[in-house]
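Below is one structure, written out as structure tokens; the observations come after it.
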Amino acid sequence: MPVHCSCCDKNAAVLRRPKTGHTLCKECFFWAFEEETHQMIVSAKLFQKGETIGIGASGGKDSTVLAHILKVLNDRYNYGLNLMLLSVDEGISGYRDDSLETVKRNQQQYDLPLKIVSYEELYGWTMDQIVRKVGLKNNCTFCGVFRRQALDRGAMMLKVDKVCTGHNADDIAETVLMNFLRGDVARLRRCTAITTDSEGAIPRCKPLKYAYEKEIVLYAYFKKLDYFSTECVYSPNAYRGYARAFLKDLESIRPSAIMDVIHSGENLSVKEDVKMPRQGTCTRCGYISSQELCKACVLLEGLNRGLPKLGIGKHAKLHNRLLNKEPLTEAEMKKLRPVDF
């Protein structure tokens, strides 16, 4: 006997919400998912009428659902926003080139302007070239640092007021765990914020902060949205993957584990005498940084010098010498060169 929708009690249920356990028909699920996102936007005061919003678009399920739902809510509730798509081309053959084709189709489907910035034009390197230099162990460090800065640079080119990203509840819970395991107190304090606003940087917000990944997949599936679902070819060894596997194991035992981890991060208190990094600007490129040189500039310096390990780990003591373009000792260079097997 078919199970009826617990909301309308008319139609047959097609899913059980992972977040609440309610059995819903398609239409009631769409309404619940969209209304929750709307309430999050309104309660957090994410947008002001007339703002230009850049949507970080990768072609994946999260950013595709974000673009679709922002367009729907913008029209339904008259937000008065000017929406634009912003994509970053990391230069990963067989992955990013295919996903960008999806983004271009999304542009036509949603009738939104699209801007694509690439690592090659910004940094002179593609991820394929970087991986050939550094291998598969630390490549995600380079990609994460460069992508964050590339997104900001693209937003500045578009002159947007805010950037929206498709980070969901699973992503944020994973980040809380990663920062906790690394002992990164500074990032642990801000990683659960729905809006991050550093001085000199364009604010970023996460409208899907409390949306479960499973529900985003269900929404995209039942709406028949056009998205790219292949994992990055360079991500199997990423540290985040281990945090994700651990979180999935927790969720199988305790379904509320994802929200529990997020709420723990939100309510974290740090002792007043704990020293926190001071936000400044990079003396080379002007980007926000807590050091004289930002992470991107240090990583680029290492790549350009043939010392790719320069930006991996703690090498702050070398910053002044890098700024003054002083040569490194042979012993220091040996530690920073890639190991050939």
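For clarity, every value in this text was computed on a predicted model and none was experimentally measured.
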Checklist entry - Which pairs, with at least one residue in residues 40-49 and sequence neighbours excluded, count as a side chain to side chain donor-acceptor pair (under 3.5 Å)? => result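 Listed by first then second residue: nothing to list.
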Checklist entry - Side chains of D226 and Q109: is there a donor and an acceptor less than 3.5 Å apart? => result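 Judged by distance alone, the side chains do pair up.
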Item to check | E34-Y219 side chain donor-acceptor pair, cut-off 3.5 Å | outcome: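 Checked: E34/Y219 side chains pair up, N/O donor to acceptor below 3.5 Å.
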Which residues share a side chain to side chain contact (heavy atoms under 4.5 Å, CB included) with [X], sequence neighbours left out:
X    : answer
K71  : D75, L83, Y110
E101 : K104, R105
P18  : Y212, K214, E215, L218
S99  : R96, F228

A side-chain contact here means heavy atoms from C-beta on lying under 4.5 Å apart; do [X] and [Y] qualify?
X    : Y    : value
I41  : T37  : yes
R182 : L188 : no
L303 : V134 : yes
T23  : L15  : no

Next on the checklist: Is it the case that over 12 heavy atoms from other parts of the model lie below 6.0 angstrom from the CZ atom of R76?
Outcome noted: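 For R76, atom CZ is crowded (more than 12 foreign heavy atoms under 6.0 Å).
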Checklist entry - What pairs of residues pass the salt bridge (charged side-chain N to carboxylate O under 4.0 Å, His left out) test when at least one of them lies in residues 232-243, not counting sequence neighbours? => result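 As it turns out, the salt bridge (charged side-chain N to carboxylate O under 4.0 Å, His left out) pairs with a partner in residues 232-243, which skip direct neighbours, are E174-R240.
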For residues 155-162, which side-chain donor-acceptor pairs fall under 3.5 Å, sequence neighbours excluded?
residue : atom : partner : partner atom : Å
D161    : OD2  : T52     : N            : 2.7
K162    : NZ   : L46     : O            : 3.2
K162    : NZ   : E51     : OE1          : 2.9
K162    : NZ   : E51     : OE2          : 2.7

By salt bridge (Lys or Arg N to Asp or Glu O under 4.0 Å), which residues pair with [X], not counting sequence neighbours?
X    : value
E266 : K209
R16  : none
K26  : none
R254 : D260

Next on the checklist: Checking N168 against V65 for the side chain to side chain contact (heavy atoms under 4.5 Å, CB included) test, could you report, in this order, the C-alpha distance in whole Å, the side-chain angles of both residues, the deciding distance, and whether it holds?
Outcome noted: CA-CA 11 Å; N168 58 49; V65 166; over 6 Å; no
Validation: residues 135-152 side-chain donor-acceptor distances under 3.5 Å, sequence neighbours left out:
residue : atom : partner : partner atom : Å
N139    : ND2  : Y234    : O            : 3.1
Q149    : OE1  : R153    : NE           : 3.2
Q149    : OE1  : R153    : NH2          : 2.7
D152    : OD1  : R204    : NH2          : 3.4
D152    : OD2  : Y287    : OH           : 2.5

